[in-house]
Each structure stands twice: as structure tokens, then as C-alpha cells.
Number of protein chains: 2
Amino acid sequence: MPKPTFFNLPEEKRNLIFHHALLEFAQFPYEQASLSAIVSRAAIAKGSMYQYFADKKDLYKYVVQEVYQKKREFLQPVWDQKEKVNFFELASLYYQRSWHFARQYPLYHQVTVNFWDSRDAAVREEILRKKEIRITEFSDMLELGLLSGVVTPEADKDAVWFVYHAVAKALIDNFLDTSVNAESHEAYINSVLTVLERGLRPRKE
Amino acid sequence: MPKPTFFNLPEEKRNLIFHHALLEFAQFPYEQASLSAIVSRAAIAKGSMYQYFADKKDLYKYVVQEVYQKKREFLQPVWDQKEKVNFFELASLYYQRSWHFARQYPLYHQVTVNFWDSRDAAVREEILRKKEIRITEFSDMLELGLLSGVVTPEADKDAVWFVYHAVAKALIDNFLDTSVNAESHEAYINSVLTVLERGLRPRKE
DNA sequence: TCCCTATGTGACCGCGTGGTCACATTAGTG
DNA sequence: CACTAATGTGACCACGCGGTCACATAGGGA
């Protein structure tokens, strides 16, 4: 985490540093991101950076933390609906809002994508922690779906989690494709979720 | 592609070079892989390497090409079953055999994983080409499923492709986890495929 | 004004990288 | 044996990296 010196800085300068770090970590995964590039673009002496952060990883952790806090806040309205809508509607809301987050804060979004693919050992531990949080959140959702009868009790809960997590990650990767307009992407998300909801086997109803 | 000199080499030396390149590209993504490390471990002079390949990327492309050729050959028996089994059985066979490939040739497998996550522009083009091939193969499978009536005609074909591809990629990432034994992983693959086959909405049958 | 502490700075360090090149070695041919 | 062409070699190059440190600057209290 940043040294106290960093928080003594005027807000404007803090934002400047954060912004350029965000730019770099959005463009490159941790290992390939260049601290020299960050300080040069932010017009900060490299020595100064080491007054604020212990090292490159310290800066990276700080950026990732801020990014995920922003995303959590952004997704809060979805969780507030938890009691009001069913499992499938909630999943749809969740993916739609994640998509809006990626649209609205593409740099933040790209940092999460790079973070998720990281190979660094210490970073991977952090990833596992975040994954645990997601599993818990999702399990809660699924449990509600099962209790209310909207989700079939036959479903293997681990497998369901696996599928939804896989699809969520793939959808997120697709968020990057800016050639797709908002409406059609929302429709696409719903098509994908329909496949999961209904399955592929024909129904006789 | 390799220079002619490379193919003039005795097979043993070619294999030596390939093996150590494989090791490196299995451990690191292209950008982080070290050519110096490859030549030093293979006990080859660095200058020699540049007699065989134009540059680092040339070597990488060759390794990736060889890896995918091996994988294609390995999966051929699955495609040979195309006319004999239905869509869901074929999907199961496909994932099972991919899993066996990862088990049997972990280095080859890891190279494909790293390849798929690469950020290099030229490499990404190659990825898109391979993705196209997969889409075609899968569309064929799905078309057969639709024609034979085993897959519901309501399904949005693009969305189905998306879901299966996402799940395939996630399963592949999971192949790395060697703590899971073979039988339980095969069972897990089938649980996941069952979720896709049946969906999550309860059935009244 | 002086002093002390906190902060800013950029030249510099050691290192590993991908790539080169002048030269040594080998193999094939007459 | 001698000549030629192909192949092997590793010291070397320029570069960019993360990180350091001796020193410059600024600001508040006595």
C-alpha cells in the first residue's frame, strides 16, 4: 500500500499519478507495464514515485484495489435488487451492468481484464481471493433461485457456478469490442443467458 | 518460418531445440519468454539460433504451429465419430479428448494456453484465424444436432457457440490443475455439459 | 535569519534482453 | 591435399528495465 507521503499529496497530484498508472496497467499486464513510462508521462521524477510507493508492485496493488472498489460500488445497485427479482433476472442485470461499467470506464475495465490474466505469484493469490468472493456472491444468488423453485433442483451447483463464471469471463473479454453498439450487445447478453436458462435439449411443453 | 538451415539439421538437434523452446513458451507467454534462456538451456550458441530462425517471433510461430498440428492429430478420432454420435455425445468426446491431450502433453497444452492469451498484434491475428476454424468446426457439429432434432431449434446459434466456446476455454484453463484425478475430472466435464444440455429452468416432463 | 524536516529530482547502477558480426570450424568435392 | 561453401560461436551492442542515492528545494516555527 502507498506510503503516507502519497496521501499528504494534493488531490490533483494524486489523481495525476493514479491516472497515468491506470493508463499503463490498462494497456499492459503487470509484468510488461513500465514504471519508467508512467513517471515520464506523468512528468514525475522516478525518485518521487519511490517516495509514494515501495515498488512497482505496491503501485500496481493500489491501482487494482481502487479499480475493484469502483467496480464494486458500480455493481451495488444490482445486489440491492437481490430480494426483488429472480435468479435469471438478477444474472441479466449483473451482466448488463458489468457491461455498462466497461463502457463507462474502459480503463478501469481493462485493468481488471489484465489483472485476471496475470501470472505473477503474489497477484494470483489476490485473484484467488477475489474469485472466492465471487463464488460466495454467486452461490447466494443460486441458492435463492433454488429455494424459490425458479432453478431446477437437479442442477449440480458446482457445475452451474463453473458455467456461469466461464460465460461471465468470456462476456467480459467481449466487452472490449467497441465496434458493437450498446443495444445489440445487451440483446446478445440476453441470448447467451437464454441458452443457459433453457439449455439445448428440446422441451416438450 | 524456419530457415532451410534448420531442416538440414540432424533430427536429434532439431528436437533438442524444439524441446527447449517448448519448455520456455510453456512456462512464459511470448513477450516474457527469453531466447537467451532457450539457447543456454539447449547448450546452443545464440548465433546458431539465428541461423535457423529469423528472430524470436519466427521461432515462436514455428513452435505454435507444431503444437497445434499435434493437437489436431490428437483430436482427429473425435471428428471421425461425427456421423455416429449425437451433438451432446460429440461435445463430451471432444472435451474428454482435449483433457487427455493436456494430460499427455502438458507442455504442448500450456503453449496453447499461453498462445490464446497473447497480446502481440501479429500473434492475435493468428489467434483469430484459429478461432475461425473452431467456429466452423463447431457450427458443423451444431448444425447436425439441429437437423437430427437433438438440439432445440429455438436456440440462437451464435449464442450457443459463444457459450460452448467460453466453457471450453474455462475447462481448458482448469486442465492445468493436476491435483484433480482423471476420473473425477471426466465426471466434472460431464456435469458441466449436462448444465448446458438441460439448462437451469425446471422441466415438467 | 537560521534550522530542521519533509519532499522533489534525475543521473546513475546492475541487469537481462533481442539481435549482430567477425571469425573459427566443419563437411563436401575435385 | 586444397579450396569452397555452409554452419557454429560467443563476445559484444544498444536498449530499457526497476530501483537507488546524494543532493536540491521548500515550508513552517523559533
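Only this structure's heavy atoms are used, side chains among them; waters, hydrogens and symmetry mates stay out. Convention: sequence-line order gives letters A, B, ...; per-chain numbering from 1.
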For [X], what residues pass the ring pair (Phe, Tyr, Trp, His ring centres under 6.0 Å) criterion, not counting sequence neighbours?
{"X": "A:Y60", "result": "A:F25, A:Y30"}
{"X": "B:F101", "result": "B:F74, B:Y105"}
{"X": "B:Y68", "result": "B:F115"}
{"X": "A:Y95", "result": "none"}

Between atom [atom1] in [X] and atom [atom2] in [N], what is the gap in whole Å?
{"X": "A:Y60", "N": "D:dG18", "atom1": "OH", "atom2": "P", "value": "14 Å"}
{"X": "A:K3", "N": "D:dG19", "atom1": "NZ", "atom2": "P", "value": "11 Å"}
{"X": "A:Q32", "N": "D:dG18", "atom1": "CD", "atom2": "P", "value": "11 Å"}

* For A:Y108, is the NZ or CZ atom of A:K70 found under 6.0 angstrom from the centre of its six-membered ring and inside 45 degrees of the ring axis? -> yes
* Asked: Taking 4.0 angstrom as the limit, do B:D117 and B:R124 come out as a salt bridge?
  -> no
* Please walk me through it: do A:V151 and B:R201 pass side-chain contact (heavy atoms from CB on, under 4.5 Å)? -> CA-CA 5 Å; A:V151 171; B:R201 205 138 60 80; over 6 Å; no
* Structure fact -> salt bridge (Lys or Arg N to Asp or Glu O under 4.0 Å) filter on B:K157, not counting sequence neighbours, yields B:E143
* Asked: Can you list the residues that meet the salt bridge (Lys or Arg N to Asp or Glu O under 4.0 Å) rule with A:K57, with sequence neighbours excluded?
  -> A:D120
N/O to N/O distances under 3.5 Å, protein versus nucleotides 3-5 of chain D:
none

* To do: Examine the side chains of B:N190 and B:S92 and answer whether a donor and an acceptor come within less than 3.5 Å of each other.
  => yes
* Just jot down the side-chain hydrogen bond (donor to acceptor under 3.5 Å, both in side chains) partners of A:E126, sequence neighbours excluded, or say none. => A:R129
* Asked: Just the endpoints, please: which first and last nucleotides of DNA chain C, 5' to 3', lie under 4.0 Å from a heavy atom of chain B?
  -> C:dT17 to C:dC21
* Structure fact -> Tightest non-hydrogen contact, residues B:S191 and A:D156, listed as OG-OD2, 3.5 Å
Side-chain donor-acceptor pairs under 3.5 Å in residues 7-14 of chain A, sequence neighbours left out?
unit_1 : atom_1 : unit_2 : atom_2 : d
A:R14  : NH1    : A:L9   : O      : 3.2

* Selection: residues 33-59 of chain B, any non-hydrogen atom under 4.0 Å of DNA chain D -> B:A45, B:K46, B:G47, B:S48, B:Q51, B:Y52
* Can you sort out which residues in residues 8-24 of chain A have a heavy atom within less than 4.0 Å of DNA chain D? Ascending by number, please. => none
